[in-house]
Amino acid sequence: MEERYNPEKVEPKWQKYWEENHIFNVKEDKTKKKYYLLEMFPYPSGKIHMGHVRNYTIGDVVVRYKRMKGFNVLHPMGWDAFGMPAENAAIDHNTHPAAWTYDNISSMRGQLKKMGFSYDWDRELATCSPQYYRWEQWLFLKMLEKDMVYRKESYVNWCEDCQTVLANEQVESDMCWRCGKPVQQKKLWQWFFRITDYAEDLLLYCDKLPGWPDNVTVMQKNWIGKSTGTEIKFKIEGRDEDIAVFTTRPDTLFGSTFMCLAPEHPLVESLSAGTNQEKEVAEFVKRISDQERSSDALDKYEKEGVFTGAWCINPANEKRIPIYTANFALMEYGTGAVMSVPAHDQRDFDFAKKYNLDIKVVIQPEPETSKSEELDAKTMTVAYTDPGVLVNSGKFSGRKNRKAIEDITLWLENRGRGEKTISFRLRDWGISRQRYWGNPIPVVHCPDCGIVPVSEADLPVVLPEDADLLENGGSPLPGLASFAETLCPKCGRKDAKRESDTMDTFVESSWYFARYCSPKCDTAMFDQDAVKYWMPVDQYIGGVEHAILHLLYSRYFMRVLNTLGLIDFKEPFTRLLTQGMVCKETLTCPEHSFIFPEEAVNSGEKTICKKCGKDVDVGRVIKMSKSKKNVIDPNSLLEKYGADVTRIFCLFAAPPEKDLEWNDDGVEGCHRFINRVWRLTAQCTDVPGTGVTPYRGSVSGLSDGAKKLYIKANQTIKKVTDDIESSFHFNTAISAVMELVNTMYTSDIKSDEEGMQGVVSFCIETVLLLLSPIVPHFAEELWETMGRKPTIVDQPWPEYREDALVTDELTIVVQVNGKLRAKFTTDISSDDDVIREKALADETVKKHIADKKIKKVIVVKKKLVNIVV
Ligand code: ANZ
Ligand code: ZN
């Protein structure tokens with residue numbers, strides 16, 4: 001046996017063994033319970049980073065553990081392969097996105113294999129392959145048929161100089177990444193998924209995901225943003241028509257002194273038609289519609305508006321109020337119309353001041369609870385937004401404003417002027433991207449027939465993989481005749497044009513986990529039986545940066561598939577783990593700014609730049625990132641320590657949900673531990689009695705030394721199992737194994753006392769089994785060395801004996817004629833007879849009894865022995 005663990009030799013050996021024997025290839029097996037674990041698949045950027053290594057190591061350990069627990073486990077891997085970086089790289093390196101992507105996939109696959117992850121590589125998929133995106137196009141057509149997808153005009157980033165649409169990533173502080181000119185907004189017809197149809201259901205189920213971290217469900221809830229309010233109808237003066245507004249504050253209705261419509265509101269044009277305001281309104285609407293006005297961007301814009309020339313009637317007090325159109329009113333929210341209450345809403349207040357509109361106070365601070373003076377509209381400088389008592393509010397005056405919300409709504413309902421409603425912040429999902437490297441949207445534009453779906457038989461619409469990227473970074477698809485020019489599928493017109501938008505790459509990642517169940521299926525998105533068996537994913541693991549969009553879109557997609565009758569569940573991920581970040585301190589050289597760890601040397605107290613010898617400033621510990629150069633390349637670790645030390649370090653340094661601070665000493669420590677176990681096993685297999693059957697019996701009958709060790713081993717099994725089951729806390733699990741190893745080192749493991757060799761054999765077996773999910777190559781090698789049959793992967797997870805878990809021994813006090821004379825310790829399982837005998841055998845007790853006759857011995861269970869002489 002070699003003296004130390006030699007990863008260079010051992011790791012490839014077992015990787016080859018696993019691969020050749022198809023150890024990790026799985027099939028549906030109805031006789032076994034399934035366990036589907038998935039880590040978020042990587043973007044093939046070229047190299048794996050420490051974040052990947054950590055994420056995939058966590059998943060791999062759980063999978064290997066579950067397998068030993070008897071589950072039929074699915075653990076697939078693939079590539080989220082469409083997206084912008086491939087286009088940029090293709091321009092930079094004068095290659096094609098497809099070539100760049102497939103190259104990266106192949107080198108990253110190699111890296112993952114070197115880590116010994118237990119993937120079923122037969123299920124590997126890349127979202128940029130036509131076999132994959134074909135089914136996404138198919139789904140798109142189904143959704144189109146069912147009106148789950150639609151087109152509308154909306155804004156994109158546009159660079160006038162480059163004449164191209166810019167992705168958000170190509171906009172750098174409002175400037176074009178390429179030419180540095182200011183970015184404009186341009187309206188284009190784009191495709192949308194009706195995710196808002198599922199807003200209520202997506203929200204409802206946030207409370208039915210007990211396996212998800214609370215912070216993630218809270219983020220999802222906020223993103224969906226349900227708000228309960230009242231829709232109130234204002235009559236338009238001189239017309240038999242109403243304007244409906246959405247408000248969460250019907251209590252302020254008596255204070256609404258003007259109305260604001262979104263510029264896109266369908267009434268704006270007709271209200272102003274024929275009035276003096278007509279021209280001004282038209283100009284305003286045109287100007288505003290060239291600006292981006294999302295709710296996130298609202299604060300960036302000065303609030304402005306114009307009078308439409310029309311008036312409406314406040315239904316609370318029949319007062320006529322002017323109707324404005326204003327840029328802060330959004331067509332997508334509520335009804336697109338706002339009842340403005342300047343005294344109690346800051347935005348409305350600013351607007352009223354700017355345009356000299358009435359301000360009417362309807363809430364006064366409560367005199368006894370507030371020091372503030374009575375509000376006067378003429379002297380107010382800010383809106384009053386705190387609670388208080390209603391004034392100037394008809395029969396509601398004198399009531400606390402919050403309590404009046406319900407009643408005012410009811411009052412309006414009774415008069416047919418309002419009703420309780422709900423509004424969501426969630427918007428429909430815009431999936432159109434004017435990009436090249438993405439899934440083509442499968443429709444054709446015909447001058448006669450309009451939008452025509454590509455027929456199912458003609459799928460996939462193949463993305464030409466060899467298109468030349470344009471200098472300005474725009475998509476070559478619209479100008480690429482071989483792609484864009486096509487026949488109309490309906491009327492056969494020869495001058496129809498293929499849709500040149502591709503889908504948001506979030507679409508591919510919204511269903512890949514279902515595809516893994518039958519990745520080669522070429523008759524459907526997936527085999528329904530396979531999906532029925534494997535889905536939902538039991539455990540999903542990934543970064544918290546995907547807490548909102550990716551997870552929400554995936555949940556939405558499952559609802560779409562459910563509605564279409566393709567699956568019978570709605571939630572894709574039963575449990576979710578969001579792992580922490582891998583962090584490291586930054587190094588800054590006064591000469592070279594950020595430098596890589598290997599560009600610095602530690603000389604005593606100081607850290608010095610290798611290039612210039614200047615003192616390096618050691619900065620804060622932050623997330624590893626290439627731009628800050630505080631990164632460790634997994635390859636360098638693999639070379640120096642191998643996969644298993646890298647794996648155990650990732651798990652040992654922090655619990656999975658916490659940030660992991662990189663620490664070179666920690667890696668060294670793990671390296672030493674591994675070799676400690678190696679030497680220990682070597683010792684044990686060299687001693688006489690090699691091949692001794694591991695002892696699995698009860699504690700009684702073991703010698704003291706053997707018993708101590710045996711109990712420690714059983715406790716360790718329990719601790720490790722509990723830590724994994726309850727929280728995936730591998731760090732404390734590993735500590736427990738380390739303790740067991742220490743106990744072995746301090747025990748006389750070569751002794752021939754009763755039961756010792758069997759217990760030692762059990763301990764070694766236990767250590768290897770417990771460590772095998774964490775350091776699988778290492779464990780396989782030692783397993784084999786011990787003369788056991790491969791593969792350790794398929795060994796059952798060790799079980800502990802309840803009766804061998806005793807923590808501490810009992811201390812028994814011995815009295816002779818009521819006087820305390822001695823103490824001794826005994827095993828907690830000792831019965832009264834054993835305790836009595838031990839007491840009588842005690843040397844000090846014997847002295848006190850001397851030659852007197854023993855009249856009585858009373859044993860008080862597990863506490864004391866009283867000897868009467
Ligand atoms: C009157 C009022 C008085 C309002 C007051 C607020 C405070 P949340 O809670 O986020 O749902 N609003 C309604 N539709 C709008 C639209 N299309 N564009 C811009 N703003 C709109 O917000 C609800 C509030 O947002 C509504 O309640 C409305 O202003 C405004 F003291 O109505 B409120
Ligand atoms: Zn046509």
Side-chain angles (χ1 to χ4, degrees), residues 196 199-200 203 221-234 243-268 288-289 291-301 303-305 312 314-317 321 323-352 357-365 375 377 380 382-393 396 400-402 404-405 408-409 412 417-427:
T196 52
E200 190 74 66
L203 183 72
K221 284 183 190 175
N222 290 340
W223 187 260
I224 297 167
K226 177 175 177 171
S227 87
T228 310
T230 309
E231 201 174 291
I232 304 178
K233 290 180 196 154
F234 287 59
I243 300 177
V245 303
F246 172 76
T247 178
T248 47
R249 298 292 307 278
D251 53 310
T252 63
L253 177 59
F254 287 79
S256 176
T257 51
F258 58 97
M259 159 91 67
C260 287
L261 303 182
E264 303 83 358
H265 195 287
L267 282 171
V268 169
I288 296 302
S289 64
Q291 296 174 358
E292 188 202 9
R293 293 158 46 243
S294 69
S295 45
D296 306 324
L298 262 186
D299 296 335
K300 286 199 254 167
Y301 297 89
K303 318 286 173 277
E304 50 175 334
C312 63
N314 183 330
N317 50 21
I321 64 173
I323 306 172
Y324 274 69
T325 174
N327 63 345
F328 65 77
L330 301 173
M331 195 54 222
E332 300 87 51
Y333 194 65
T335 61
V338 188
M339 66 175 223
S340 289
V341 185
H344 304 292
D345 180 276
Q346 191 58 40
R347 198 173 57 182
D348 296 346
F349 185 87
D350 297 340
F351 195 86
L357 297 160
D358 277 354
I359 298 175
K360 186 179 164 195
V361 174
V362 289
I363 301 172
Q364 284 291 356
L375 298 169
M380 280 170 87
V382 287
Y384 178 75
T385 55
D386 287 334
V389 176
L390 289 177
V391 295
N392 297 322
S393 297
F396 299 99
K400 291 196 177 175
N401 75 305
R402 282 189 180 149
I405 290 181
I408 293 183
T409 303
L412 290 166
R417 300 314 294 167
E419 61 190 346
K420 203 167 160 170
T421 55
I422 282 156
S423 239
F424 290 95
R425 197 184 96 93
L426 182 68
R427 300 274 71 93

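Index from 1, following the sequence. Please read these numbers as outputs of a predicted model, since none were measured by experiment. Each ligand, and each atom within it, is numbered from 1 in the order the structure gives.
- Residue T247 touches ligand 1 through backbone and side chain together, judged by heavy-atom distances below 4.0 Å.
- Proximity annotation for atom 29 (O) of ligand 1: of V338, T228, V245, V338 comes nearest, heavy atoms only.
- Evaluation of the salt bridge (Lys or Arg N to Asp or Glu O under 4.0 Å) rule for D348 yields no partner, not counting sequence neighbours.
- Taking 4.0 Å as the cut-off, G336 counts as a neighbour of ligand 1 on heavy-atom distance.
- Below 30°, between 30° and 60°, or above 60°: for F351 and Y324 the angle between ring planes is above 60°, a perpendicular geometry.
- Nearest residue to atom 7 (C) of ligand 1 from I422, N401, D345 is D345 (criterion: closest heavy atom).
- Residue S227 places at least one N or O, backbone or side chain, under 3.5 Å from an N or O of ligand 1.
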Derivation of the side-chain contact (heavy atoms from CB on, under 4.5 Å) call for Y333 and S227: CA-CA 11 Å; Y333 194 65; S227 87; 3.2 Å; yes
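- For E419, there are no salt bridge (Lys or Arg N to Asp or Glu O under 4.0 Å) partners at least two apart in sequence or on another chain.
- Contacts of R347 with ligand 1, taken as heavy-atom pairs under 4.0 Å, involve the side chain alone.
- Under a 4.0 Å heavy-atom criterion, M331 is not in contact with ligand 1.
- Remark: ligand 1 and R249 share no N or O pair separated by less than 3.5 Å (distance only, no angle test).
- Other residues, nucleotides and ligands contribute at most 12 non-hydrogen atoms within 6.0 Å of the NZ atom of K400.
- If you number the atoms of ligand 1 from 1 as listed, the ones under 4.0 Å from a heavy atom of Y333 come out as 8 (P), 10 (O), 11 (O), 14 (N), 15 (C), 16 (C), 17 (N).
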